[in-house]
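Read the structure below first, then the notes.
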Amino acid sequence: MIIDGKAVADGIRAELLARTARFFQIAGRKPALAVVLIGNDPASEIYVRNKLRACAEAGIRSVDVRMPAEVSTQEATEAVRRLAADGEIDGILVQLPLPKHLDPRVILAEIPAEKDVDGFSEENIGALALGREGTVACTPLGVMELLKRYRIPTSGKHAVVVGRSNIVGKPMALLLLNADATVTVCHSHTRGLKEICLQADILVAAAGKPKLITADMVKEGAVVIDVGTNREGGKLCGDVDFGEVEKKASYITPVPGGVGPMTVAMLLSNVCAAAEKRIR
Ligand code: NDP
């Protein structure tokens, strides 16, 4: 079965519209997200535009903060600090990657955990590692939501995550572990990737390498989640050789239309949750 991430994301976004309307009734204002974009990286411009549009459609006020590429770490830090102190802002997102001369750690550290809707802060990652409540990174959270909505069990399953980045692979592995899966994490130094992948009941590919996962690496009936978003000859593709792997998998996400749409939906959901917590 092909997992339709777009349909699930559309459903979540419709649910959010009702949630933001309720918030408005109680708080007298919309939940608000500040999006900070530094420089003019074309891909980042597109991502930010999509996020701002998605906010508007979900009844979330967005504040578009643009800064030139030459801005200093201090100026960027001060801008984020102002948003952190602003009582009418519920979430802050700094679009990555930042221009080379800026240190993302210093700038992101200014976002308080309760406004960290990307779930990248040390406090939120720590909470996830400890199995406590916190904000979880949108992409891995979106994968868990897909598993949940398709009623795919995780308890006792062997989940293999290919990729160990701080924004996808690691939080993905922690979420699956917290959901009682037995988790193996692979990376570029892993030996015997094929043999490990063949053991997976749930295989999550998040390496950013087109066609890394081929059919001979997938167990019959496995659930295959493709997080990869790569461009090949101008076309979007994942990390999984979809055409061949589809024949073996019980469930599989396509690219595009799988995990991608879920990321934005979960961001909106994290903004709503952050806003609701602040008025509780
Ligand atoms: P990173 O480049 O930060 O991390 C890639 C990870 O994959 C690293 O841990 C790396 O290992 C590992 N890796 C690379 N090559 C191999 C290999 N041949 N075998 C095994 N492991 C390998 O990428 P991100 O985590 O940020 O993103 C991963 C993919 O997901 C990208 O395609 C990205 O575009 C996509 N993405 C999609 C999103 C969405 O909304 N759908 C959101 C975020 C990302 P090592 O640590 O050893 O270098």
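Numbering of ligands and ligand atoms starts at 1, following listing order.
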**Request:** Could you list the residues that satisfy salt bridge (Lys or Arg N to Asp or Glu O under 4.0 Å) with E123, not counting sequence neighbours?
**Result:** none
**C272 to I60 - nearest heavy-atom pair and separation** = SG-CD1, 4.5 Å
**Message:** For a quick check: using heavy atoms under 4.0 Å, what are the residues in contact with ligand 1, sorted by chain and number?
**Reply:** T139, V162, G163, R164, S165, I167, V168, H187, S188, H189, L193, A206, A207, G208, K209, L212, V227, G228, T229, N230, G260, T263
**Message:** Enumerate the side chain to side chain donor-acceptor pair (under 3.5 Å) contacts for residues 254-270, please, sequence neighbours excluded, ordered by first and then second residue.
**Reply:** T139-T263
**Asked** If you look only at pairs with a residue in residues 182-211, which of them pass as a salt bridge (Lys or Arg N to Asp or Glu O under 4.0 Å), with sequence neighbours excluded?
**Response** K194-D216, D201-K219
**Request:** Could you tell me whether a side-chain N or O of R278 sits under 3.5 Å from a main-chain N or O of E88, the two making a donor and an acceptor?
**Result:** no
**Request:** Quick one: pull up CE in M217 and CD1 in I196 and give me the separation to the nearest 0.5 Å.
**Result:** 9.5 Å
